[in-house]
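Below: one structure, written as structure tokens.
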Protein chains: 2
Amino acid sequence: MTGSKATPLRSAPQQPCEPIACAQCGVYRLCLPLGLLEVDLSLLESVVRRKVTYKRGQLIFRPGDRFDFIYAIRSGSVKTSVQTSDGRLQITGFHLAGELLGLSALDSRSYSCEARALETTSACMVEAERLEELAQKIPSIQYQMLRIMSGHIRRDEDLILLLGKRSAEERLAEYLLGLSRRFASRNYSPTQFRLSMSRGDIGNYLGIAEETVSRILSRFQNAGLVAIDRRQVRLIDLGQLEAMACINAA
Amino acid sequence: MTGSKATPLRSAPQQPCEPIACAQCGVYRLCLPLGLLEVDLSLLESVVRRKVTYKRGQLIFRPGDRFDFIYAIRSGSVKTSVQTSDGRLQITGFHLAGELLGLSALDSRSYSCEARALETTSACMVEAERLEELAQKIPSIQYQMLRIMSGHIRRDEDLILLLGKRSAEERLAEYLLGLSRRFASRNYSPTQFRLSMSRGDIGNYLGIAEETVSRILSRFQNAGLVAIDRRQVRLIDLGQLEAMACINAA
DNA sequence: CTGCCTAATTGATTCAGGTCAAAAGCAACA
DNA sequence: TGTTGCTTTTGACCTGAATCAATTAGGCAG
């Protein structure tokens, strides 16, 4: 659990209440404002309360906290996790710039999962109540919210499939390819990137042991599929990785 | 995979286009119309196209089908599943009366999972486009949709935790208790019910082998926690089951 | 009632991946 | 530049649950 010190570490994040301009934001086309007219956009901006910055390992929210904000990641990355009552923790998502956090709280008005920054991360806090009001007035915002939640459900289905039916090797291959795709859609290199998750976190997320992650990554490296130096990754044979993600080509 | 014949079996379901009255529906308070004013309710009813009936094993929709309808279960039960490209199938949900199917299609306009009736099942087909339009006009409908999707995400998180971190025994205990709670909220006995899923389906859903399901149920029975006769279940020691669902008390 | 089909149980054996243990790399910092 | 404290890698061994293989038990058509 990289950076997730046992202590909650909820020291107040930096809070420069600077105004937010979605149009200027680099991930605007992956986020809520996608497809909004300029008028609507400025209304949306009016419910974005402030930009906050979190340091590696810092808590953003945790289960039971009152649901006041949806968080939109501007830069950096965040892990979300849920826990059994006896303390075992399962990471449910690994979120990059442009993604929204806290959507599963809408139903019960309190967060159901914990969110923690994996590296220095900047986010917009969107006032949940006012966003909902706004969604009622502006169809395109409402549509965006529904789309985003629908997409979230779909990604959860993929993770469920992965956890339920795939071998450790397939899980890792799929994981690397998933990152690759997501970096690509953010205009980063799809073949060369830095992992912000530790081996432990990756294993936890994929439902396998940390040691297994290490072993399999080594195996991939020896097979010439990837080059890995600590957290720096280079994908060499995408095709082979894709084959492996489905039919465990061992 | 009970009842899921290899053949799609998409013979047209019975389609009496009878008008629907939500207020008359037994699961009205678990479904979309919850909390709507009478005026709004009749508007909602106007987008409910028809009631359909499916027989055990019959396909409701499958991945790639164009997304035209959200389905609301009136009675019976449905399983949803996703597949790897090499054909392994993972059941992602087991849905009872009052629940909505197809929400993960909203983003891409085509279903991402397959839905199949587990027994004779009756459902309302709600026109997706028109429901979205309506949600834009009627805040309470919109709110309901967001809530329902949020709840869906939350339940997916629970399944992810189960698949990622729990032992086979805990999974079964949790599964039985989950059913119990859901039957209770539908005014059925929480301690005595009939499983509409086969052992194979249950195992698939929980990420364990059919044989393991059988073995563990026998173990539960021997330990006096439950009484099981084929698909008929009686929960005897809820407390013990709850303890087991968390801390594998073996 | 009888035979057939599918679902469920139970036993024996195997294995993927977990757990435990130790060593090696790297980074931060006094 | 050595010390401290991670994170990662690697090895040895173990185990929970999968797989393989019968067997049993209902459900139902004729």
Side-chain angles (χ1 to χ4, degrees), chain A residues 1-7 55-57 79 88 90 118-119 162-173 175 194-222 226-233 244 247-250, chain B residues 1-7 55-57 79 88 90 118-120 162-173 175 194-222 226-233 244 248-250:
Chain A
M1 268 155 280
T2 304
S4 45
K5 314 283 191 307
T7 358
K55 286 175 299 185
R56 170 190 170 80
K79 65 178 172 185
R88 278 167 294 169
Q90 169 72 40
L118 281 163
E119 58 194 313
L162 181 140
L163 291 172
K165 292 288 168 299
R166 301 173 103 104
S167 72
E169 212 161 51
E170 294 174 285
R171 293 179 196 201
L172 248 315
Y175 175 71
R194 220 190 100 76
L195 301 172
S196 58
M197 280 175 132
S198 69
R199 300 290 190 270
D201 278 350
I202 295 171
N204 181 299
Y205 175 61
L206 298 176
I208 56 186
E210 174 172 357
E211 295 93 326
T212 307
V213 174
S214 218
R215 270 185 256 274
I216 291 178
L217 288 182
S218 302
R219 224 186 294 162
F220 282 0
Q221 173 138 261
N222 294 334
V226 302
I228 296 185
D229 176 40
R230 210 162 162 77
R231 298 219 179 163
Q232 194 62 39
V233 175
M244 186 165 285
I247 299 146
N248 188 341
Chain B
M1 268 150 281
T2 305
S4 44
K5 314 282 190 309
T7 0
K55 286 175 300 188
R56 170 189 169 79
K79 65 178 173 184
R88 278 167 293 170
Q90 168 73 40
L118 282 162
E119 58 193 313
T120 300
L162 181 140
L163 291 172
K165 293 286 168 300
R166 299 173 106 103
S167 72
E169 213 160 52
E170 292 173 285
R171 293 179 198 201
L172 249 316
Y175 175 72
R194 220 189 99 75
L195 301 171
S196 57
M197 281 174 130
S198 68
R199 301 289 190 270
D201 277 352
I202 295 171
N204 182 299
Y205 175 62
L206 299 177
I208 55 187
E210 172 172 358
E211 294 93 326
T212 306
V213 174
S214 220
R215 269 184 257 272
I216 291 178
L217 287 182
S218 302
R219 225 186 293 163
F220 283 179
Q221 173 139 261
N222 293 335
V226 300
I228 296 186
D229 176 40
R230 211 162 160 77
R231 299 222 181 161
Q232 195 61 39
V233 174
M244 186 165 285
N248 188 341

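Here is how names work: the chains are called A, B, and so on, in the same order as the sequence lines, proteins then strands, and each is numbered from 1. Just so it is clear, the structure is predicted and the values come from calculations on it, not from any experiment.
Residue A:M197 holds its CE atom at 7.5 Å from CG of A:N204, rounded to the nearest 0.5 Å. We find the CG-NZ distance between A:L118 and A:K55 to be 15.5 Å, quoted to the nearest 0.5 Å. Here A:R171 contributes atom CZ and A:I216 contributes atom CD1; the two are 9.5 Å apart, rounded to the nearest 0.5 Å. Atom CZ of residue A:R219 and atom OG1 of residue A:T212 lie 9.0 Å apart, to the nearest 0.5 angstrom.
The interatomic distance linking B:E211 (CD) with C:dT13 (C1') rounds to 13 Å, in whole Å. In this entry the distance linking CG of B:L217 with P of D:dA25 reads 18 Å, nearest Å. Atom-to-atom, CG of A:L206 to P of C:dG18 comes out at 11 Å; the value is rounded to the nearest Å. Atom CD in A:E170 sits roughly 13 Å away from atom P in C:dA16 (whole-Å rounding). The distance from atom CZ of A:R219 to atom C1' of C:dG17 is 10 Å, rounded to the nearest whole Å. For the pair B:E169 CD and D:dA18 P, the interatomic distance rounds to 13 Å; values are reported in whole Å. Atom CD in B:E210 sits roughly 13 Å away from atom C1' in C:dT10 (whole-Å rounding). Rounded to whole Å, the distance from CD1 on B:I228 to P on D:dA25 is 17 Å.
Contact annotation for B:R230: backbone-only contact, meaning every heavy-atom pair under 4.0 Å involves sugar-phosphate atoms and none involves a base. As judged by a 4.0 angstrom heavy-atom cut-off over every strand, A:I208 is placed among residues touching the sugar-phosphate backbone only.
OP1 or OP2 of C:dG18 has not a single side-chain nitrogen or oxygen of A:R215 nearer than 4.0 Å.
Nearest to the side-chain atoms of B:R199 among the listed nucleotides C:dA7, D:dA17, C:dT9 stands C:dT9. Among C:dT19, D:dT8, C:dT10, the nucleotide with an atom closest to any side-chain atom of A:S214 is D:dT8. Which of C:dT10, C:dA8, D:dT9 sits closest to the side chain of B:S218 comes down to C:dT10.
Taking the nucleotide of DNA chain C with the nearest heavy atom to each of A:D229 and A:G207, the more 5' of the two is matched to A:G207.
Using a 4.0 Å cut-off between charged nitrogen and carboxylate oxygen, B:E170 and A:R88 count as a salt-bridge pair.
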